[in-house]
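The next block holds one structure in the form of structure tokens; read it before the comments.
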Amino acid sequence: MERLAGPGWAVCPDFIKPAALTSLAAEARALWEDGAFRHARVGVGDQLQLRPEVRSDYVHWLNEYTLSPALADYYRRIEQLRLELNQALYLGLFNFEAHLTVYPPGSFYHRHLDQFRDTRHRIVSCVLYLNDDWQSGHGGQLRMYMPGSDDYKDVLPRGGTLVVFLSNLIEHEVLPATRERFSLTGWLRLRESLP
Ligand code: OGA
Ligand code: MN
């Protein structure tokens, strides 16, 4: 709470238990091997575009009504976080949308903000990493830029680490990796009907 209210970002290693991580990682890999991921696109609504020069990852959107037990557990944790953030910081967060993400070796997502210019529903970005035994030599860092500067903080996508940041404040990018990089990326949002 304090870190989100202060610098606007926080890193929480071991956010989930090892058994939960094993289940989520196996589920993501099985969906990937079944061809259930699509090229990620950029933008929102009818402005969605394939922009492989901007991002070259693949995503599998989750449906909150058909979650596996492991995903349902994770959604319950995020629901607790939503309620606590609303109580502590009065953010008015209403719901959560999320996708599983794969970055094949060499893929990336250039520096960006998660909040779109014309729709400002995404308030808090939540990225959970699903990779066993990730070493710095594998690359694939999440690089978060400090607001108004080119100073940055790099985070390795180590299994069980959760990164949360303010979607309209923290520009970030994903550096290319030498191995497949799995994550579960989601956003705590305001109601659709609000501007
Ligand atoms: C995103 C994103 C970061 C990551 O999907 O918008 O920035 O580390 N993901 O996977
Ligand atoms: Mn992002």
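The figures here come from the full heavy-atom set of this structure, side chains too, leaving out hydrogens, waters and symmetry mates. Counting begins at 1 with the first residue of the sequence. We count ligands from 1, going down the list as the structure has it; atoms in each ligand are counted the same way.
With the Mn ion (ligand 2) as the vertex, NE2 of His112 and OD1 of Asp114 span 90° to the nearest 10°.
Below 4.0 Å from some heavy atom of His172 lie the following atoms of ligand 1, by number and element: 2 (C), 7 (O). Those atoms of ligand 1 that come under 4.0 Å of a heavy atom in Tyr129, given as number and element, are 4 (C), 8 (O). Residue Val174 has at least one heavy-atom neighbour below 4.0 Å for each of these atoms of ligand 1: 3 (C), 4 (C), 8 (O). Atoms of ligand 1 found under 4.0 Å from any heavy atom of Ser183 (numbered from 1 in listed order, with element): 10 (O).
When only non-hydrogen protein atoms are considered, atom 1 (C) of ligand 1 lies nearest to Tyr109 CE1, 3.7 Å. Atom 9 (N) of ligand 1 has Tyr103 OH, 3.9 Å as its closest protein atom, hydrogens excluded (heavy atom only). In terms of protein heavy atoms, atom 5 (O) of ligand 1 is closest to Thr185 CG2, 3.6 Å.
At a cut-off of 3.5 Å, with distance as the only test, no side-chain donor of Glu173 or Tyr152 sits close to an acceptor on the other residue. No hydrogens or angles considered: a donor-acceptor pair under 3.5 Å links the side chains of Gln135 and Asp133.
Below 3.5 Å of separation, one finds no N or O of Trp187 facing any N or O of ligand 1. Below 3.5 Å of separation, one finds an N or O of His112 facing an N or O of ligand 1. Residue Arg181 places at least one N or O, backbone or side chain, under 3.5 Å from an N or O of ligand 1.
A salt bridge does not link Glu79 to Arg77: none of the charged nitrogens lies less than 4.0 Å from a carboxylate oxygen.
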request  = Take Ser125 and Asp114 through the test side-chain hydrogen bond (donor to acceptor under 3.5 Å, both in side chains) and record every step on the way to the result.
outcome  = CA-CA 7 Å; Ser125 303; Asp114 283 349; 2.7 Å; yes

request  = Would you sort out whether His172 and Phe165 count as a ring pair (Phe, Tyr, Trp, His ring centres under 6.0 Å), showing the intermediate values?
outcome  = CA-CA 10 Å; His172 55 284; Phe165 55 86; 4.6 Å; yes

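Contacts between Asp114 and ligand 1 below 4.0 angstrom, taking non-hydrogen atoms only, involve the side chain exclusively.
Between Phe37 and Leu100 the shortest heavy-atom distance is CE2-O, 3.5 Å.
Between Tyr129 and Phe182, the distance separating the two ring centers is not shorter than 6.0 angstrom.
When side chains are defined from C-beta on, Arg76 does not count as touching Ile78, because their heavy atoms never get closer than 4.5 Å.
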